[in-house]
Amino acid sequence: MRIGLLTDGGYPYATGESRLWCDRLVRGLAQHEFDLYALSRSAEQEAQGWVQLPHQVSRVRTAPLWMADEDILGGRTPKGLLARLLTGGGGRPYGRRERRRFRASFTALATSICTTETAGDDEEGVRRTSAPGAADAQFTDGLYGLAELARDHGGLTAALRSEAAVRVLEAACRAPGTSRTVQTATVPDLLALTAELDRVLRPLSLDWYDEESLGAVDVCHATSGGAAALPGLLAKRFFGVPLLVTEHGVQLRAHYLAATGTPLSAAVRALLAGFHRRLAAEVYRQAALITPGNTHARRWQERCGADPAKLRTVYPGMEAARFAALGESDDDGGPDTLVWVGRVEPAKDLIALLHAFAEVRKAEPDARLRIVGATAPGPEGTTYLAHCRAFAAQLFPDEAADAHAVGDNPVSFEDIGDADLPDLAEAYAAGGIVVLSSVVEGFPISLVEAMFCGRATVSTDVGAVVEVIGGTGLVVPPRNPRALADACIALLHDPERRARLGAAARARALELFTVEQNLAAFRGIYLDLISRAPVRPTDALEANGVPRPFATPPEAHVLGSWTAPVPSAAGQRTPSWATEGVCAGARGTGDGDV
């Protein structure tokens, strides 16, 4: 089977949150052929290159979403991309007819994102998105109208940055029925909005949509929603390719959380929220199957319009072997030591953890806290780490002067690779209890790692924590240092309970969260999707008129001519499959085929 894997800011680049999961998926399903279609998020990410690709990756095509306005309009784009973004296939700007098509499609899109449709509460009191209405239909018409225009006549960047686009948005914002926030949008707001829309809609302008690219795959697998799923929507629209969407963290929720920290005005944030909400609903409508990484993500998807019948929870697989030695040993680490592992950032609420540890020290004077993790990128992470260090020094002023040493200081800030912590398993081995204090969390990877290590855990009730723990650890409300301290003290006083919880946690993790169970799930999902997908016209018949089941049949990998002399019901022999060359995975640096 030929899989078109759609990524955004991850695989095959050496950095990115989804990189490890995608690499395990591709390597673990070696019986399939993978084409990668990757969107990059920064120049730094591209500069660090790609991971080593396995042989089953036959093609890689890339495109940047990070280019600034002056880079695109000034011509500093990867070779071949500028002409596609700015002009038609023949290298000419849009003519009068194309401009009319753009105005009609963009008007429908703008009207839909300015329109607010309310939804009622269900019988459980949960707020849910309403069924597709007029605004959803307008969004669909506008989105695919723009995609067809870009396919037929070239990219959308120049049109989206034009005065005509701003006038269309202004009219849509001033129309009756729009919210008061949207109506306050100024011309600078609308210019900022067109720049953001251009970045999100950039996949519409790529040259990926022909019978030799996405039209040749059997299944499109988008590894997130949002921009990564746009090529999958167009592959289904133009070629009937079934779309599979995997979200370990819901893209719409991530947009809502990130929007609060941007310098954009309230009007622009409201309009972008409307756009992403409509896009998420369209992705969920068109997907043949949606695989959330946990039930927390699944609930978000249902509230955003996903059909529950299309949802199938598949936990992200993680490597258990690296923690096997620790998990199978009887070493309970430092019996009086608490360990926190993660990325140092405000969402992890280390300040509450330090407050809680101050209470723990009153009950257990010998208790220690080891905070292990790298600082979140950017000035915010550095500032937050400095704030945490200063607060720890304030709480324990008479303990030790060196706030980085383990020594006599009850709180230490460490990183993987330090002398005492050469690898991740050693970090979990350093204590008897692993603590998570987050106020915002998706799928808690550090908790799963602690469970593989057989460690008892104390966690805050956020994200998918309760689902992951499943009764094998203690869970307390977030932003409640007193409750967090009480739970830690209870486990410190009861070593037998710690051992029981740790053993149960390891058994649960090995049952649900391994790479093997993840691969088995997607192996079955791929076969299920292709078995229910109709034969597409472009792949329907061989030269002799016999139906062809896959875009690239397994026999294409056999060297030389291949013939299966099996008689059919009519006594005839089955046809010979034409041998097709398969390109081994290789590294590349620009956009285009590898």
Side-chain angles (χ1 to χ4, degrees), residues 3-27 34-54 56-86 150 155-157 160-161 195-209 213-214 220-232 248-249 251 254-255 258 262 343 374-379 381 583-594:
I3 310 298
L5 194 64
L6 314 176
T7 67
D8 181 6
Y11 197 65
Y13 296 101
T15 59
E17 294 183 358
S18 65
R19 170 179 56 86
L20 287 176
W21 177 79
C22 290
D23 192 55
R24 291 167 183 162
L25 179 73
V26 172
R27 293 180 185 277
F34 286 85
D35 290 354
L36 301 185
Y37 294 85
L39 304 172
S40 65
R41 282 289 170 180
S42 67
E44 293 76 12
Q45 183 180 56
E46 292 197 359
Q48 293 188 36
W50 300 354
V51 298
Q52 186 65 41
L53 298 176
Q56 54 265 36
V57 176
S58 60
R59 172 184 289 176
V60 180
R61 305 195 71 175
T62 64
L65 293 188
W66 52 268
M67 288 290 184
D69 305 350
E70 60 271 14
D71 292 326
I72 290 183
L73 298 178
R76 293 186 293 276
T77 60
K79 182 181 178 181
L81 183 58
L82 177 66
R84 181 68 189 169
L85 291 174
L86 293 178
L156 301 168
T157 289
L160 287 170
R161 303 299 181 89
E196 294 295 327
L197 290 179
D198 173 41
R199 289 188 181 92
V200 179
L201 294 175
R202 204 164 292 168
L204 303 186
S205 301
L206 303 176
D207 55 351
W208 294 353
Y209 312 108
S213 297
L214 281 172
C220 274
H221 187 175
T223 59
S224 72
L230 277 172
H248 295 139
Q251 195 71 16
H255 171 78
T262 65
R343 187 168 63 177
T375 307
C583 174
R587 294 174 64 88
T589 56
D591 69 321
D593 297 346
V594 173

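Bear in mind the structure is a predicted one, so any value in this text is a computation, not a measurement.
With respect to the salt-bridge test (charged N to carboxylate O, under 4.0 angstrom), the residues Arg61 and Asp35 do not qualify.
With 3.5 Å as the limit, one finds a donor-acceptor pair spanning the side chains of Ser40 and Glu46. Residues Thr157 and Arg202 bring no donor and acceptor atom of their side chains to less than 3.5 Å of each other.
Every residue two or more places apart in sequence or in another chain that forms a ring-ring contact (aromatic ring centres under 6.0 Å, His included) with Tyr37 is listed here: Trp208. In this structure Arg19 satisfies the side chain to side chain donor-acceptor pair (under 3.5 Å) test with no other residue, sequence neighbours excluded.
Not a single donor-acceptor pair under 3.5 Å links the side chain of Ser205 to the backbone N or O of Ala150. No side-chain donor-acceptor contact under 3.5 Å links Gln45 to the backbone of Tyr13.
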Can His248 and Ser224 be said to form a side-chain contact (heavy atoms from CB on, under 4.5 Å), step by step?
-> CA-CA 8 Å; His248 295 139; Ser224 72; over 6 Å; no

Could you walk me through whether Val26 and Leu5 pass the side-chain contact (heavy atoms from CB on, under 4.5 Å) test, one step at a time?
-> CA-CA 9 Å; Val26 172; Leu5 194 64; 3.8 Å; yes

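What you find for His221 and Ile3 is that their closest heavy atoms are CB-CG2, 4.1 Å. Heavy atoms only, all atoms of each residue included: Arg41 and Leu65 are closest at NH2-CD1, 3.6 Å. Between Asp23 and Tyr11, the shortest heavy-atom contact is OD1-OH, 3.0 Å. Between Thr223 and Thr7 the shortest heavy-atom distance is OG1-CA, 3.5 Å. Minimum heavy-atom separation, Arg161 to Ala195: NE-CA, 3.7 Å. Summarising the geometry of Cys220 relative to Leu214, their closest heavy-atom pair is SG-CD2, 3.7 Å, with the distance given to 0.1 Å.
Between Leu160 and Leu204 the shortest side-chain heavy-atom distance does not fall below 4.5 Å. Side-chain contact check for Val60 versus Leu53: some heavy-atom pair is nearer than 4.5 Å. The shortest distance between side-chain heavy atoms of Phe34 and Cys22 does not fall below 4.5 Å.
Annotation: the span from Thr62 atom OG1 to Leu39 atom CG amounts to 9.0 Å, rounded to 0.5 Å.
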